[in-house]
K.L.:
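This is the structure, below, for whatever I ask next.
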Amino acid sequence: MSIYDTLNPMQKEAVLHTDGPLLVLAGAGSGKTRVLTHRIAYLIEEKSINPWNILAITFTNKAAGEMRERVDRLVGFGADSIWVSTFHSSCVRILRRHIESLGYTTNFTIYDSDDQKTLMRHVLKGLDMDPKIYKDRAMLGFISTAKNDLVTAQEFELNAGGDFRQKKVAQIYKEYQSQLKKNNALDFDDLIMKTVQLFQNNPEILDYYQERFKYIMVDEYQDTNTAQFKLISLLAGKYRNLCVVGDDDQSIYKFRGANIENILNFEKACPGAKVIKLEQNYRSSQSILNAANEVIRHNRGRKDKTLWTANEEGPLVQFKQFDNASEEADAIVRDILNSSSDYQDCAVLYRTNAQSRLIEEKCLQHNVPYRMVGGVNFYQRKEIKDVLSYLKTIANAQDDLASIRIINVPKRGIGATSLGKVQAFASEHGFSIYDAFCRAKAVPGLGKTAEKVLKFTEQIEDFRGRLEEETYSIHELIEDVLDETGYQKELEAEGEIEYQTRLENIEELINKAVSFEGEHEQPNLSEFLEEVALVADVDRMDDSENRVTLMTLHSAKGLEFPRVYLSGMEDGLFPSMMSISSDDKEDVEEERRLCYVGITRAQNFLMMTAARQRMVNGETRYSRVSRFIDEIPDVLLDSNKLEPRLSASRTDYDVSGLPWGKTKSSGRTAGVSSFGPGNNSYASKTATPVSTPGFGKAFTVEKSASLNYKEGDRVSHVKFGEGEVLEIKDGGRDFEVTVQFDQAGIKKMFASFAKLKLVRV
DNA sequence: ATCTCCTTGTTTTTT
DNA sequence: ACAAGGAGAT
């Protein structure tokens with residue numbers, strides 16, 4: 001019996017169809033990864049295809065790693081010469097070799113969204129545009145959309161025609177591009193677009209890669225954008241052995257330029273394409289699948305398919321509505337505890353990252369270990385960006401953003417004024433900022449500051465020199481930078497707790513460097529930086545520990561858990577207000593697909609929850625239950641939604657036409673403009689009684705009762721060991737706990753950070 | 001040059 | 001609620 005006999009007939013058909021275009025419509029949990037891995041194995045083992053000729057594209061690096069591992073297990077050898085990677089890393093790899101024909105140098109840097117924003121601000125300032133009218137984020141949005149559609153700045157300008165605003169945007173786009181080029185940098189969207197341009201301008205390079213990648217597979221095809229589609233079409237243009245796998249019902253990245261038409265029109269774009277549907281779900285119970293099918297049924301314009309399962313029925317999907325978000329979070333964490341499942345089998349999913357805080361708080365309160373995916377991206381943390389900017393400056397002296405970021409970090413007495421002079425000097429002579437730093441003596445009006453600047457550049461040159469040595473490693477470099485620049489000293493001065501977490505983060509970066517060195521024959525700094533630039537948060541998710549997973553619905557795509565909690569099922573939150581009020585009906589459909597993705601993550605147990613009252617952006621919001629819940633027939637739900645509501649009469653106040661009532665609870669008294677100043681007071685007055693003026697305070701009291709240790713208790717800390725609590729002080733947001741540790745001495749720390757555990761004596 | 005307070009935006013999602 | 005950027009003070 002061969003490994004292919006374990007596949008169902010449809011899966012098997014997909015595996016055996018190796019030549020010519022193939023679209024696999026794979027419903028949630030239908031074993032698409034199995035199909036992909038077996039298909040690769042089949043190509044290598046049965047069709048004797050050289051692994052070298054196979055390209056498999058996945059959505060995240062984590063998925064890539066998993067796929068490689070699974071292929072490794074299926075085929076004995078050769079699996080490591082297959083390209084398994086994301087669109088972005090594939091493009092970087094190609095560009096590193098050939099980008100010189102586009103006028104960049106091969107040590108280009110990659111700008112993340114923060115860098116983009118900084119650069120855009122700079123561009124807007126340089127063009128003397130009013131930032132009130134031309135907002136950085138909006139401009140970047142236009143540019144991103146354009147790039148995803150392969151529209152260059154020049155084409156954008158032509159398309160703008162006589163439209164004044166569009167012409168302005170075109171001007172900004174142009175300037176932004178030229179600044180990027182000056183910095184020898186590419187943004188995320190450039191990675192794809194430049195690769196496409198490279199192929200279009202250089203047929204011989206394209207031909208090389210067409211010959212190289214005779215068999216191409218693309219996972220999560222529903223989330224590809226136009227540029228990515230073009231890239232794939234070019235690569236597969238010669239041999240046409242293209243297999244794409246996806247599910248139109250799980251397309252959730254339209255906001256990022258994903259073009260659902262790519263999957264809906266695949267057959268048109270690739271004449272003669274074979275289409276195979278995988279409709280048997282192996283993941284979820286019947287009950288869960290029923291709910292999922294009911295929800296997604298409400299979308300129009302989808303490929304017709306019905307997911308079924310042979311799994312047992314399982315418990316009904318639960319739905320519970322709570323009075324407020326805190327109760328909701330509390331109930332979820334309690335339910336996890338009561339279920340006596342392993343923590344790692346549980347996931348709490350939410351629409352927005354902001355919702356994670358309450359869940360986290362409750363986990364800490366009940367001593368439930370958790371792991372949070374997302375939130376502030378690790379590589380976007382200040383200390384990480386600082387260290388990386390040093391590395392970037394050392395690796396690529398043309399990266400102005402990086403040089404500017406660190407010239408006065410740690411403080412060297414080089415402020416905005418001096419920097420301004422250097423920048424003026426640099427742009428006048430066409431130098432990069434770093435080159436201008438090196439010529440500080442020639443910068444007019446810099447005076448004594450010039451020497452400080454030169455001290456900095458000497459240091460950088462010194463590091464650069466050391467890097468030439470064979471034995472000098474990246475992690476040593478990081479450690480030396482921390483030490484010799486005085487960065488670490490400055491961190492220390494920031495205070496105990498800050499210092500701790502920041503240092504921990506930097507240590508994690510060092511670990512990353514060490515493992516990078518282990519994986520590469522000749523570790524190269526630019527390569528390290530790019531690897532770091534391309535990691536998503538899910539990639540860093542370590543699932544070996546027994547912890548509850550907290551993440552957004554978006555990050556949950558592709559994962560599965562025995563026990564799933566879908567929180568915040570409220571209209572205005574999920575589906576989001578933006579999508580509800582949008583002119584484009586498609587927007588709510590995308591949210592519905594997101595809901596479908598969420599439901600289908602669950603294997604055995606699913607609980608959906610909602611809160612009647614929730615704090616959002618510092619204001620209390622009252623919401624009704626999500627329309628997605630209404631779309632699931634009552635018989636499929638174990639629900640409390642028929643119970644009387646807390647404030648049935650609250651609709652009386654709902655004069656705004658929004659699906660919720662709004663209360664300004666604090667701070668700004670800016671009028672709700674549409675009502676005019678007179679009506680404004682009406683809105684806030686009527687709503688006040690419900691908003692419990694002291695809500696914030698009541699909240700902290702509740703938290704106080706929950707700390708399970710008090711002054712005088714023995715507690716233990718992960719790092720410091722055991723000790724005695726000397727003092728607990730209410731520091732507003734959190735409790736400040738002072739502990740006399742047996743070994744480590746007296747430490748002050750925040751309760752939620754320290755995760756102290758009570759020690760029974 | 002650095003610190004402080006005030007204003008403003010942010011919150012939908014991320015490679 | 002909270003962070004980040006800008007203006008004005010020190």
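In this text, all values refer to a predicted model and were calculated from it rather than measured experimentally. By convention in this document, chain letters (A, B, ...) are assigned in the order of the sequence lines, proteins followed by strands, and residues within each chain are numbered from 1.
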K.L.:
Please name all residues satisfying salt bridge (Lys or Arg N to Asp or Glu O under 4.0 Å) with A/Asp583, sequence neighbours left out, ordered by chain then number.
P.N.:
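A/Asp583 satisfies salt bridge (Lys or Arg N to Asp or Glu O under 4.0 Å) with no residue once adjacent residues are dropped.
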K.L.:
Would you please confirm or rule out a distance under 4.0 Å between OP1 or OP2 of B/dT11 and any side-chain N or O of A/Arg137?
P.N.:
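Yes, A/Arg137 has a side-chain N/O under 4.0 Å of OP1/OP2 on B/dT11.
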K.L.:
Taking for each residue the nucleotide of DNA chain B with the nearest heavy atom, is it A/His88 or A/Ser579 whose nucleotide lies nearer the 5' end?
P.N.:
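Its nucleotide being nearer the 5' end, the pick is A/Ser579.
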K.L.:
Categorize A/Ile192 for me: base, sugar-phosphate, or nothing, with a 4.0 angstrom heavy-atom threshold over every strand shown.
P.N.:
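Touches nothing.
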K.L.:
Take the protein atom CD1 of A/Ile143 and the nucleotide atom P of B/dT15, then report the distance between them rounded to whole Å.
P.N.:
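Nearest whole value for this atom pair: 21 Å.
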K.L.:
Is the phosphate of B/dT15 approached by A/Asn61 (side-chain N or O, under 4.0 Å from OP1 or OP2)?
P.N.:
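The answer is no; no side-chain N or O of A/Asn61 sits under 4.0 Å from OP1 or OP2.
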K.L.:
Given B/dT15, is OP1 or OP2 found less than 4.0 Å from the side-chain N or O atoms of A/Asn225?
P.N.:
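No, outside the criterion.
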K.L.:
Please measure how far the P atom in B/dT13 lies from the corresponding atom in C/dA4, and state the result in whole Å.
P.N.:
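Each nucleotide's P atom is 15 Å from the other's.
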K.L.:
Tell me which nucleotide among B/dT11, B/dT14, B/dT12 gets nearest to the side chain of A/Val616.
P.N.:
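The answer is B/dT11.
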K.L.:
Between A/Tyr253 and A/Asn408, who's closer to the 5' end of DNA chain B by nearest nucleotide?
P.N.:
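Of the two residues, A/Asn408 wins.
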K.L.:
Classify A/Phe574 by what it touches in the nucleic acid, base, sugar-phosphate, or nothing, heavy-atom distance under 4.0 Å.
P.N.:
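It contacts nothing in the nucleic acid.
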K.L.:
Could you check whether A/Glu590 gets within reach of a base, just the sugar-phosphate, or nothing at all, counting any heavy atom under 4.0 Å?
P.N.:
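No contact.
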K.L.:
Any side-chain N or O of A/Ser555 less than 4.0 Å from the OP1 or OP2 oxygen of B/dT13?
P.N.:
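It does not, given that no N or O in the side chain of A/Ser555 lies less than 4.0 Å from OP1 or OP2 of B/dT13.
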K.L.:
A/Ile580 has an atom CD1; how far is it from atom C1' of B/dT12, in whole Å?
P.N.:
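It works out to 12 Å between those atoms.
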K.L.:
Quickly work out the A/Asp187 CG to B/dT15 C1' distance and round it to whole Å.
P.N.:
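For the pair A/Asp187 CG and B/dT15 C1', the rounded distance is 11 Å.
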K.L.:
In whole angstroms, how far is the P atom of B/dA1 from the NZ atom of A/Lys448?
P.N.:
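From A/Lys448 NZ to B/dA1 P: 13 Å.
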K.L.:
Roughly how many Å is it from CZ in A/Arg614 to P in C/dA1, rounded to a whole number?
P.N.:
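Distance check: A/Arg614 CZ to C/dA1 P gives 15 Å.
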K.L.:
Does any N or O donor sit under 3.5 Å from an N or O acceptor when you compare the side chain of A/Arg351 with the base of B/dT13?
P.N.:
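It does, because a donor-acceptor pair links the side chain of A/Arg351 to the base of B/dT13 below 3.5 Å.
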K.L.:
Nearest to the A/Thr60 side chain among B/dT12, B/dC3, B/dT15, which nucleotide is it?
P.N.:
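Nearest listed nucleotide: B/dT15.
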K.L.:
Which part of the nucleic acid, if any, lies within reach of A/Thr417 when heavy atoms closer than 4.0 Å are counted: base, sugar-phosphate only, or nothing?
P.N.:
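It contacts sugar-phosphate atoms only.
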K.L.:
Within less than 4.0 Å of OP1 or OP2 of B/dT12, is there a side-chain N or O belonging to A/Thr552?
P.N.:
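For A/Thr552, the contact criterion (side-chain N or O under 4.0 Å from OP1 or OP2 of B/dT12) is not met.
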K.L.:
Could you state the atom-to-atom distance from CZ of A/Phe229 to P of B/dT15 in whole Å?
P.N.:
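In whole Å, B/dT15 P and A/Phe229 CZ are 24 Å from each other.
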K.L.:
So if I take every side-chain heavy atom of A/Arg121 and compare against C/dG5, B/dT12, B/dT14, which nucleotide ends up nearest?
P.N.:
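Closest nucleotide to the A/Arg121 side chain: C/dG5.
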K.L.:
Quick check for you: among B/dT13, C/dA1, B/dA1, whose closest atom lies nearest to any side-chain atom of A/Ser418?
P.N.:
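Given the options B/dT13, C/dA1, B/dA1, the side chain of A/Ser418 is closest to B/dA1.
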K.L.:
Between B/dT15, C/dA1, B/dC3, which one does the side chain of A/Lys411 approach most closely?
P.N.:
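Among B/dT15, C/dA1, B/dC3, the one nearest the side chain of A/Lys411 is B/dC3.
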K.L.:
For the pair A/Glu570 and A/Arg614, find out whether any cationic side-chain nitrogen is under 4.0 Å from an anionic carboxylate oxygen.
P.N.:
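Salt bridge flag = yes for A/Arg614 with A/Glu570.
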K.L.:
Figure out the NZ/P separation between A/Lys254 and B/dT15, and round it to whole Å.
P.N.:
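Atom NZ in A/Lys254 sits about 20 Å away from atom P in B/dT15.
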K.L.:
Side chain of A/Asn353 only, heavy atoms from C-beta on: which candidate in B/dT14, B/dT2, C/dA1 is closest?
P.N.:
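When the side chain of A/Asn353 is considered, B/dT14 is the closest of B/dT14, B/dT2, C/dA1.
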K.L.:
Can you see whether A/Tyr253 has A/Arg256 sitting over its ring - NZ or CZ less than 6.0 Å from the centre and within 45° of the normal?
P.N.:
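The answer is yes, since A/Arg256 meets both limits relative to A/Tyr253.
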K.L.:
Taking NZ, NE, NH1 and NH2 as the nitrogens, is one of them in A/Glu508 or A/Lys512 under 4.0 Å from a carboxylate oxygen of the other?
P.N.:
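Looking at A/Lys512 together with A/Glu508, the answer is no, because their closest N to O distance does not fall below 4.0 Å.
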K.L.:
Can you name the ring pair (Phe, Tyr, Trp, His ring centres under 6.0 Å) partners of A/Phe516, sequence neighbours left out?
P.N.:
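Result, ring pair (Phe, Tyr, Trp, His ring centres under 6.0 Å) vs A/Phe516: A/His520, A/Phe528.
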K.L.:
Going by modelled atom types, is there a donor-acceptor pair between the base of B/dT11 and the side chain of A/Asn617 at under 3.5 Å?
P.N.:
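Indeed, a donor on one side and an acceptor on the other fall under 3.5 Å apart.
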K.L.:
Expressed in angstrom and rounded to an integer, what is the separation of A/Asp114 atom CG from B/dT15 atom C1'?
P.N.:
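From A/Asp114 CG to B/dT15 C1': 15 Å.
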K.L.:
Determine whether A/Phe628 and A/Asp571 satisfy the following criterion, side-chain contact (heavy atoms from CB on, under 4.5 Å), listing intermediate values before the conclusion.
P.N.:
CA-CA 9 Å; A/Phe628 301 147; A/Asp571 247 40; over 6 Å; no
K.L.:
Which atoms form the tightest heavy-atom contact between A/Gly413 and A/Asn408, and what is the distance?
P.N.:
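Smallest heavy-atom distance, with atoms named: N-OD1, 3.2 Å.
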